[in-house]
Amino acid sequence: MAKKLVIKVTAGADAPERCSQAFTVAAVAVASGVEVSLWLTGESSWFALPGRAAEFELPHAAPLPDLIEGILAGGRITLCTQCAARRDITEKDVLEGVRIAGAQVFVSEAMADGTQALVY
């Protein structure tokens with residue numbers, strides 16, 4: 001089993017089940033002791049902003065703010081540089097603990113030995 005998990009989530013409120021699955025898998029992996037790096041791209045980029053996750057609702061799913069808190073407690077959340085720029089999001093705008101980085105960093109993380117990458 002991979003010791004590291006890199007998850008790229010491209011869906012947001014536009015595809016709530018896919019979005020929730022990505023955050024749930026990331027949070028469960030962190031809770032299981034797996035090193036997790038969750039990447040926010042596309043419509044999920046908005047969840048890097050304070051308060052936006054609280055607006056997300058999906059019946060029978062864990063609240064997104066709780067999942068984000070769990071992921072940040074033991075993993076890393078990264079907002080895609082280009083996705084941030086397209087939405088006029090800067091480092092000063094994002095939740096504490098969220099970084100902004102680009103494709104080079106994503107590829108480096110995804111290609112590291114012992115890493116499994118998933119895209120939602």
Side-chain angles (χ1 to χ4, degrees):
M1 182 169 127
K3 300 276 188 200
K4 298 176 191 169
L5 184 60
V6 176
I7 300 172
K8 179 184 274 195
V9 55
T10 63
D14 59 325
E17 288 184 295
R18 191 162 30 112
C19 176
S20 180
Q21 288 170 3
F23 282 91
T24 299
V25 168
V28 168
V30 167
S32 300
V34 176
E35 183 180 331
V36 173
S37 177
L38 178 70
W39 284 72
L40 307 177
T41 67
E43 285 303 301
S44 72
S45 300
W46 295 114
F47 299 127
L49 298 175
R52 292 301 285 265
E55 298 171 6
F56 181 86
E57 292 184 17
L58 182 63
H60 309 290
L64 206 53
D66 294 349
L67 296 174
I68 290 171
E69 183 179 327
I71 296 163
L72 286 173
R76 166 174 275 162
I77 296 179
T78 304
L79 172 59
C80 162
T81 302
Q82 290 179 3
C83 299
R86 281 190 281 275
R87 291 160 180 82
D88 294 320
I89 300 171
T90 67
E91 290 277 352
K92 67 179 176 52
D93 300 319
V94 299
L95 295 166
E96 185 176 337
V98 173
R99 69 175 176 168
I100 297 176
Q104 180 182 4
V105 177
F106 175 80
V107 170
S108 176
E109 286 185 7
M111 297 305 297
D113 288 339
T115 300
Q116 173 71 47
L118 303 173
V119 178
Y120 286 88

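This is a predicted model, so every value here is computed, not measured. Below, all heavy atoms of this structure are taken into account, side chains as well, without hydrogens, waters or symmetry copies.
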Residue pair Leu64, Leu67: steps toward the side chain to side chain contact (heavy atoms under 4.5 Å, CB included) verdict: CA-CA 5 Å; Leu64 206 53; Leu67 296 174; 4.2 Å; yes
Glu91, CD: over 12 other non-hydrogen atoms inside 6.0 angstrom: yes
Is it possible for you to say whether [X] and [Y] belong to one hydrophobic cluster, with membership spreading through side-chain heavy-atom contacts below 4.5 Å?
| X | Y | result |
| --- | --- | --- |
| Trp39 | Phe47 | no |
| Leu58 | Ile71 | yes |
| Leu72 | Val28 | no |

Restricting to non-hydrogen atoms, name the atom on [X] and the atom on [Y] that form the minimum distance, rounded to 0.1 Å.
| X | Y | answer |
| --- | --- | --- |
| Gly42 | Ser45 | O-OG, 2.7 Å |
| Cys19 | Gly12 | CB-O, 3.6 Å |
| Ala53 | Ile68 | CB-CD1, 3.6 Å |
| Glu43 | Asp14 | CB-OD1, 3.5 Å |
| Phe23 | Val9 | CE1-CG1, 4.2 Å |
| Ala84 | Ile100 | CB-CD1, 4.2 Å |

With sequence neighbours excluded, residues passing salt bridge (Lys or Arg N to Asp or Glu O under 4.0 Å) with Arg52: Glu55
Pairs flagged by salt bridge (charged side-chain N to carboxylate O under 4.0 Å, His left out) wherever residues 100-120 is involved - sequence neighbours left out: Arg99-Glu109
Under 3.5 Å: donor-acceptor pair, side chain of Ser20, backbone of Glu17: no
Donor-acceptor under 3.5 Å (Thr10 side chain, Tyr120 main chain): yes
Verdict with reasoning, Val6 to Lys4, per side chain to side chain contact (heavy atoms under 4.5 Å, CB included): CA-CA 7 Å; Val6 176; Lys4 298 176 191 169; 5.7 Å; no
Check: Trp46 and Ile89 side chains under 4.5 Å, non-hydrogen atoms: yes
Any side-chain heavy-atom pair of Ile7 and Val25 under 4.5 Å: yes
Passing option when Leu79 is tested against Asp93, Leu49, Leu40 for side-chain contact (heavy atoms from CB on, under 4.5 Å): Leu40
Residue pair Phe106, Thr81: steps toward the side chain to side chain contact (heavy atoms under 4.5 Å, CB included) verdict: CA-CA 11 Å; Phe106 175 80; Thr81 302; over 6 Å; no
